[in-house]
Number of protein chains: 2
Amino acid sequence: MRGARLRAAVLEATIARIESVGIEDTRIADIAQMAGIHETSIYRRWKTRPRLLVDALLTHTERSVPVPDTGSVRQDLIDFFTDLAAFVSTPTGAAFVRGTVVSETDPEVEAARREFWTERISKAGVILDRGRSRGEVADGTDPELVLFTLGGLLHIYVTHIGAPLPEATVVNAVDLVLDGMKAGAPSAG
Amino acid sequence: MRGARLRAAVLEATIARIESVGIEDTRIADIAQMAGIHETSIYRRWKTRPRLLVDALLTHTERSVPVPDTGSVRQDLIDFFTDLAAFVSTPTGAAFVRGTVVSETDPEVEAARREFWTERISKAGVILDRGRSRGEVADGTDPELVLFTLGGLLHIYVTHIGAPLPEATVVNAVDLVLDGMKAGAPSAG
DNA sequence: CGGTTATCGCAAGTCGACTTGCGTTAGGAG
DNA sequence: CTCCTAACGCAAGTCGACTTGCGATAACCG
């Protein structure tokens with residue numbers, strides 16, 4: 001076992017461990033044993049535990065960033081953030097949100113984390129763009145601000161509230177933000 | 001040195017260490033030495049490092065939660081969150097926001113963290129209440145949702161973006177949220 | 001198919017968080 | 001002022017993250 005095969009095995013073992021015992025009790029010694037390789041190989045390739053966790057979580061989540069297109073900004077935003085809320089409510093999702101934060105001052109993890117979110121944000125940006133071309137959204141609206149604001153709500157729930165966040169909250173938040181974005185609204189921006 | 005005096009000395013040493021070498025390089029052995037007490041005393045009283053850090057940060061920040069009252073919801077919100085943004089941009093502030101996240105699955109820290117934020121949120125809630133009684137804010141508005149949404153924006157910036165967040169962003173975010181709250185707005189709820 | 005080399009296995013060790021058992025003393029109760 | 005007990009000092013040890021030096025080999029290259 002070496003190279004790409006080893007990497008795949010370790011990543012798979014990492015995800016398996018996170019999902020079975022939680023991210024806290026995921027020892028790299030256990031991962032190594034489960035992957036059938038030596039502990040040292042992990043440290044030489046990933047350097048630190050946070051990096052391995054982020055790499056595993058990132059690789060495991062890369063797929064499936066469905067950006068809805070229902071013809072309504074409101075519905076698109078609700079769908080998108082309901083999906084995100086669902087993901088963030090799973091053990092893996094919560095682990096990812098919190099786990100990336102744990103890294104603290106690690107430049108590598110910092111970069112990976114930023115990349116992950118900015119990618120998601122920019123992809124979701126088309127929701128706002130389509131809405132604007134449809135006349136649903138005011139011209140001066142900053143897509144990034146809207147997305148970060150909505151995303152921040154989910155984020156603070158996971159990291160500081162701990163509560164599962166009812167679906168109604170997403171709808172309410174979208175409406176809250178949306179009514180300030182509608183073309184007919186008085187002073188949006 | 002014992003009891004309350006010991007506690008004060010340890011807390012002071014902890015803050016000093018955080019501010020001089022950063023939260024990452026703050027060893028409890030160093031804190032013990034700086035406070036002139038033994039390492040064991042810290043572990044017996046605080047149990048874990050995160051708990052000590054949170055306690056120190058919390059005690060050190062307890063004061064000064066100024067809730068503005070300018071007569072305008074918009075200005076009140078801008079002032080409040082600009083202050084919060086400033087705090088969160090300081091080393092201690094960022095350490096607190098991120099540090100509380102580090103705690104992960106510790107019930108004690110979880111509780112302290114929740115208490116900290118809910119206290120702030122509830123205190124700031126009067127801003128919305130005053131606004132509603134003034135007719136600036138729609139009746140159906142959920143103060144908590146608004147506060148968490150705005151707070152979440154700051155939070156995601158600190159934890160995932162890392163950027164200092166320009167003052168304009170606070171203003172824009174307040175306007176974004178506010179225009180969905182105004183009594184004249186169509187569907188705020 | 002033989003040679004090169006980066007990658008891996010293995011052992012031994014560092015470092016910091018955290019625990020435990022026991023002796024000692026501060027500091028309040030009476 | 002004396003006694004009592006919870007709080008502290010100290011030593012020794014556990015555990016997991018992370019490092020390092022060296023021998024072994026898998027995998028690509030020719």
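Worth knowing before you read on, the calculation uses all heavy atoms, side chains too, and leaves out hydrogens, waters and symmetry mates. Throughout, protein chains are lettered first and strands after them, A, B, ... in sequence-line order, and every chain is numbered starting at 1.
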| Once you build an axis from the first five pairs and another from the last five of the helix from C:dC1-D:dG30 to C:dG30-D:dC1, how far apart in angle are they, to 10 degrees? | 30°
| message | Taking side-chain hydrogen bond (donor to acceptor under 3.5 Å, both in side chains) as the cut-off, I'd like each qualifying pair that reaches into residues 1-12 of chain B, sequence neighbours left out, listed once. | response | B:R7-B:D55
| request: State which residues pass side-chain contact (heavy atoms from CB on, under 4.5 Å) with A:D83; sequence neighbours excluded, sorted by chain then number. | output: A:P66
| remark: Under a side-chain separation threshold of 4.5 Å, the hydrophobic residues clustered together with A:V10 are A:M1, A:L6, A:L11, A:I28, A:I31, A:I37, A:I42, A:Y43, A:W46, A:L52
| said: So if I take residues 3-18 of chain B and measure heavy-atom distances to DNA chain D, which residues fall below 4.0 Å? | reply: B:G3, B:L6
| task | May I ask you to list the residues sharing a hydrophobic cluster with A:M34, side-chain cutoff 4.5 Å, ordered by chain and number? | result | none
| task | Could you pick out which residue, B:R27 or B:R2, lies toward the 5' side of DNA chain C when each is mapped onto its nearest nucleotide? | result | B:R27
| remark: All heavy atoms of B:V170 vs all of B:I78, minimum pair found to be CG1-O, 4.0 Å
| message | Nearest 0.5 angstrom please: B:S72 OG to B:D79 CG, how far? | response | 9.0 Å
| message | Run the salt bridge (Lys or Arg N to Asp or Glu O under 4.0 Å) test against A:D25 and tell me which residues pass, sequence neighbours left out. | response | A:R27
| Considering residues at least two apart in sequence or located in another chain, which fulfil the side-chain contact (heavy atoms from CB on, under 4.5 Å) criterion with B:E167? | B:T82
| message | So for atom CD, which belongs to B:Q75, do other residues, nucleotides or ligands contribute more than 12 heavy atoms lying within a distance under 6.0 Å? | response | yes
| query | Any donor-acceptor pair under 3.5 Å linking the side chain of B:R45 with the backbone of B:G3? | reply | yes
| Looking at residues at least two apart in the chain, or sitting in another chain, which of them share a side-chain contact (heavy atoms from CB on, under 4.5 Å) with B:S89? | none
| remark: Nt span of DNA chain D in reach of chain A heavy atoms at under 4.0 Å, 5' end first, is D:dG16 to D:dA26
| query | Taking only residues two or more places apart in sequence or in another chain, which ones pass salt bridge (Lys or Arg N to Asp or Glu O under 4.0 Å) with A:D30? | reply | A:R17
| Which of residues 35-46 of chain B sit near DNA chain C, with a heavy atom under 4.0 Å from it? | B:T40, B:Y43, B:R44
